[in-house]
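To start, the structure under review is shown below, and the notes come after it.
Residues take their numbers from the sequence shown, with the count starting at 1. Whatever order the structure lists them in is the order used to number ligands and atoms, beginning at 1.
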Amino acid sequence: MESSNWSKDSWKSFPAMQQVDWPNKEKHQDVLRQIAALPPLVFAGEIRKLRTMLASAAEGKAFLLQGGDCAEEFRECTAPTIRETMKVILQMSVILTFAGEKPVIKMGRIAGQYAKPRSSPTETRDGVVLPSFRGDMVNSSNFSVESRTPDSKRLLDGYFHASSSLNILRAFTRGGYASLEKVHAWNKEFVRQSKEGKSYEELATQIEKALTFMKVIGIEQQLSPQINEVDFYTSHEALLLGYEEALTRQDSLTGIWYDCSAHLLWIGDRTRQVDGAHVEFLRGIHNPIGIKIGPDHDLDEVRRLLDILNPDNETGRIVLITRFGKVKINDMLPPLVRSVQEHGGNVLWSCDPMHGNTYTSDSNYKTRSVSDILQEIRSYFEIHKAEGSIPGGIHFELTGKDVTECTGGAQEIMDHHLENNYSTSCDPRLNAQQSLELAFLISDLLKG
Ligand code: PEP
Ligand code: CO
């Protein structure tokens, strides 16, 4: 179990991409010491349960639904925002559970998704060059020297915002708010209100019948934890290694190391170098690990990543999240699947149909279209079917709010509507309606 030559700070001897040049090193160390003394955010037992569920998804017996903001914002750490994001994920999961006839693992990009890798270290506006926004845990998105200067205190703020978010998530998922009946009532409302409602009515009616059946045979919904409570998992990109190290704790029962900042950590497309600090850090913690794979990858490098991060080839440890875009997926996913299969790598395949489909609209907004996203999802299902592998998960950037950041969907959001409510501080998210529509469309693919 012990990874050789690993310690929670061994990453420091490896080159780390996308790290922050903190202006006050002493203050930075002091903040990390404070975080290291604070309680863990999630617990080893929960992480172990998730790994078991992910193993089941890798074998086709469950499905992973992961979604949330590209970058969470501190000022959006409110009960309504968190509730609405959780609500849309739960609604999608009921649709997918029913269609796919298997449990859906519900996971937010939430309670810690506060740090972003950037393609450029600086941003230029009207000739003024400032450091890029790197997430609320580093600097502020406002365009001024002061706002963009990294501040270590933000790491501590990140911890406390994650902690508040988790607290309300735990209350919602245990307090009956997330009961199957409630979620179904929300879905019925969506079907009633949505333009394309008719096509979803049949599925909604079938779910209704299943619920009525359970009631008739005497399953008391309020008393039944399977119906009244849900497990909701958290995840974020493990980018700022000092922060992740500070939350890495040894489980008192087993002696195993877990990064207790979230249940699942993923490694980004820009930070997954086999000889880099992020891979070194992640190889020693026993959380499940997501690996983003974009078009710029090397098959041999991916196999080496699997060997390093999952030396015992355990199912449930690795989620390979491909994000190629609607065109490139056709050329890139089949060889990747074959290569991993030939290598014998046990992975859970997931698809992020967001990051390969971003473009700048004529109105100069960074956007994505629902039809492009759907096209990549369709190809994802088709390709895995053809290769004999299992499409076991999906990864979205979404919000429960009524934003106008992605084009298309039944609301027919056009380029010129983007300005109406474009509020993301990073990438464009699907709004609640677009997310639900996609869930209904994916439910057909799951059935197929
Ligand atoms: C993200 O998930 O927001 C992200 C930056 O993804 P990637 O590393 O795949 O570009
Ligand atoms: Co993003």
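- At a heavy-atom distance under 4.0 Å, no atom of Met354 approaches ligand 1.
- Distances from the Co ion (ligand 2) to the N/O/S atoms of Asp427 are shortest for OD2.
- Looking only at heavy atoms of the protein, atom 10 (O) of ligand 1 is closest to Arg323 NH2, 2.9 Å.
- Using a 30° and 60° split on the angle between ring planes, Trp266 and His395 fall in the perpendicular class, above 60°.
- Using a cut-off of 2.8 Å, one finds that His355 contributes an N/O/S atom close to the Co ion (ligand 2).
- Considering only residues two or more places apart in sequence or on other chains, His417 meets the side-chain contact (heavy atoms from CB on, under 4.5 Å) condition with Ile413, Met414, Asn420.
- With ligand atoms numbered from 1 in the order given, ligand 1 contributes 1 (C), 2 (O), 3 (O) to contacts under 4.0 Å with heavy atoms of Arg109.
- Short contacts between ligand 1 and Gly268, defined as distances under 4.0 Å to a heavy atom of the residue, involve ligand atoms 8 (O).
- Atom NZ of Lys12 is surrounded by more than 12 heavy atoms from other residues, nucleotides or ligands within 6.0 Å.
- The nearest heavy-atom contact from the protein to atom 6 (O) of ligand 1 is Lys292 NZ, 2.9 Å.
- Looking at Trp186 and Val94, their side chains never come closer than 4.5 Å, going by heavy atoms from C-beta outward.
- For Glu397, the N/O/S atom at the shortest distance from the Co ion (ligand 2) is named OE2.
- For the salt bridge (Lys or Arg N to Asp or Glu O under 4.0 Å) with Asp69, the lone residue among Lys116, Arg429, Arg109 that qualifies is Arg429.
- The environment of Arg303 atom CZ is dense: over 12 non-hydrogen atoms of other residues, nucleotides or ligands sit within 6.0 angstrom.
- The shortest contact between atom 1 (C) of ligand 1 and any protein heavy atom is with His355 NE2, 3.0 Å.
- By the 30° and 60° cut-offs, the orientation of the rings of Tyr258 relative to His286 is perpendicular.
- For ligand 1 and Glu397, the ligand atoms under 4.0 Å from any heavy atom of the residue are 1 (C), 2 (O), 3 (O).
- Remark: His297 pairs with Phe324 by the ring-ring contact (aromatic ring centres under 6.0 Å, His included) rule, at least two apart or across chains.
- Each of the following atoms of ligand 1 lies closer than 4.0 Å to a heavy atom of Arg270: 5 (C), 8 (O), 10 (O).
- Other residues, nucleotides and ligands contribute more than 12 heavy atoms inside 6.0 Å of the CG atom of Asp298.
- Numbered from 1 in the order shown, with element, the atoms of ligand 1 that lie under 4.0 Å from a heavy atom of Cys70 read 3 (O).
- Looking only at protein heavy atoms, the nearest one to atom 3 (O) of ligand 1 is Lys116 NZ, 2.7 Å.
- Looking only at protein heavy atoms, the nearest one to atom 8 (O) of ligand 1 is Asp269 N, 2.9 Å.
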